[in-house]
Amino acid sequence: MIEARHLRVLRAVAGTGSFSAAARELGCTQPAVSQQMKALEQSAGTPLLIRTGREMRLTQAGEALVRHAAGILAGLTAAEEEVAAIAGLRAGRVRLVSFPSGSSTLVPTALAAMRAEHPGTRISLVEAEPPRSVEMLREGDCDAALAFRYGGASHSAAEWDDLVVRPLLTDRLVGLVPEGHRLAGAERVGMAELADEPWIAGCPRCRRHLVEVCEGVGFTPRIDFATDDYPAVVGLVGAGLGVAVLPELAVESVRAKGVSAVAVEPAVEREVVALTLPDLARVPAVAATLAELERAAAR
């Protein structure tokens, strides 16, 4: 019989490449890791690891078991948390991952409300942009993810079909130009009017969408700088080094010094959502966190 604790050890060994590194990650001894892996291989009835020098390599059976482990462990976590809530323990844990502008705008309000309403619930936060944040959710490395996608993307319709999707808000992109720019203060600016400008681009997904939008109106943007750091984008624009488009959430989260924000046409929007797995959506602490994120977005 395969035990959950053995699956956790297998995932750690697969992720770190050695028994000693897995032991450090799990906070136990190397012999304990070795013993649990032997027990798991006996339960599976086949080798799961190939030892080559100091490194460990998964067999085909090991790869299959690691692939299924994330879903199995997520289901067990959901069961444990739901049973604990039913038993009246009033405790829980939520591992949240968010993209940076969501972390600085929606997340603080939601987590403050969670602490006030459910002080026994522990919430941790790490940052990652989609699609990495969505991968973390599917791999069992978080319980909820704040993510976004752009309208019109060919893959958008089906990319989250296996997840519970809680729509939060529509985030419109705004143009940023230096204060002394010829278009500063304009009520609306067509993207084509910026065709000859140097550009500062954001995260890889935003950068890809920027190119798609620009090519849709007849030009390919000359991207001189690319950075995931929104304050850096604003600083580069403010220094007169180029123009940019940023989501309103991102502009709200930074001090827009030396720049002028203008509406751009065609309108570019992204859908901001909270995501979780179907099993985890029934966990009270996760459900409450999603509800608070929704309230924060409505403010």
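- Here the closest non-hydrogen pair linking A281 and V164 is CB-CG2, 3.9 Å.
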Please step through side chain to side chain contact (heavy atoms under 4.5 Å, CB included) for the pair E193 and L183, ending with a clear verdict.
CA-CA 9 Å; E193 296 180 70; L183 296 174; 3.8 Å; yes

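- Under the 4.5 Å side-chain heavy-atom criterion for grouping Ile, Leu, Val, Met, Phe, Trp and Tyr, I72 is connected to M37 within one hydrophobic cluster.
- Rounding to the nearest 0.5 Å gives a distance of 5.0 Å between CD of E294 and CZ of R166.
- No side-chain N or O of T16 forms a donor-acceptor pair with one of E25 less than 3.5 Å apart.
- Taking OG1 of T170 as the start and CZ of R270 as the end, the distance is 11.0 Å to the nearest 0.5 Å.
- The shortest heavy-atom contact between A128 and S133 is O-CB, 3.6 Å.
- Counting only distance, with no hydrogens or angles, the side chain of Q35 and the backbone of A32 share no donor-acceptor pair below 3.5 Å.
- Using a distance-only test at 3.5 Å, with no hydrogens or angles considered, a donor-acceptor pair links the side chain of R207 to the main chain of G202.
- The residues E248 and R172 are annotated as not salt-bridged, no charged nitrogen and carboxylate oxygen being separated by less than 4.0 angstrom.
- Closest non-hydrogen pair, E187 versus A263, comes out as O-CB, 3.7 Å.
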Can you check side chain to side chain contact (heavy atoms under 4.5 Å, CB included) on I200 and V237, steps first, answer last?
CA-CA 7 Å; I200 295 100; V237 174; 3.9 Å; yes

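- Between F148 and F99, the angle of the ring planes goes over 60°, which puts this pair in the perpendicular group of the 30/60° scheme.
- A 6.0 Å sphere centred on CG of D196 holds no more than 12 heavy atoms belonging to other residues, nucleotides or ligands.
- Proximity of a side-chain donor or acceptor of S260 to a complementary backbone N or O of V177 within less than 3.5 Å is not detected.
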Could you walk me through whether K38 and E41 pass the salt bridge (Lys or Arg N to Asp or Glu O under 4.0 Å) test, one step at a time?
CA-CA 5 Å; K38 286 180 182 177; E41 288 183 326; over 6 Å; no

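- Look at E135 and R132 and you find a salt bridge, because one of the NZ, NE, NH1 or NH2 atoms lies within 4.0 Å of a carboxylate O, short of that distance.
- Between the side chain of S98 and the main chain of S103, a donor-acceptor pair closer than 3.5 Å is present.
- When all heavy atoms of E271 and P167 are compared, the pair lying nearest together is OE2-CB, 4.3 Å.
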Report the C-alpha distance between V245 and V268 in whole Å, list the side-chain angles of each, state the deciding distance to 0.1 Å, and finish with yes or no for side chain to side chain contact (heavy atoms under 4.5 Å, CB included).
CA-CA 9 Å; V245 289; V268 183; over 6 Å; no

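- Cluster membership check: L10 shares its hydrophobic cluster with L26, using side-chain heavy-atom separations under 4.5 Å among Ile, Leu, Val, Met, Phe, Trp and Tyr.
- Judged by distance alone, the side chain of H118 and the main-chain N or O of G120 form no donor-acceptor pair under 3.5 Å.
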Starting from the C-alpha separation in whole Å, work towards a yes-or-no answer on side chain to side chain contact (heavy atoms under 4.5 Å, CB included) for L246 and Y230.
CA-CA 8 Å; L246 285 183; Y230 290 132; 3.5 Å; yes

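- For the atom pair L7 CG and I2 CD1, the distance stands at 6.0 Å (nearest 0.5 Å).
- Using a 4.0 Å cut-off between a side-chain N of Lys or Arg and a carboxylate O of Asp or Glu, R205 and E129 do not qualify as a salt bridge.
- Around CZ of R51, the count of heavy atoms belonging to other residues, nucleotides or ligands within 6.0 Å exceeds 12.
- The backbone N or O of G140 lies less than 3.5 Å from a partner atom in the side chain of R95, making a donor-acceptor pair.
- The pair R11-D141 meets the salt-bridge criterion, with a side-chain N (NZ, NE, NH1 or NH2) lying under 4.0 Å from an Asp/Glu carboxylate O.
- Side-chain atoms of T59 come within 3.5 Å of backbone N or O of P47 as a donor-acceptor pair.
- Under a 3.5 Å cut-off, the side chain of D171 and the backbone N or O of L249 do form a donor-acceptor pair.
- A single hydrophobic cluster is not seen to contain both V189 and V234; linkage of ILVMFWY side chains at heavy-atom distances under 4.5 Å, directly or through other members, places them apart.
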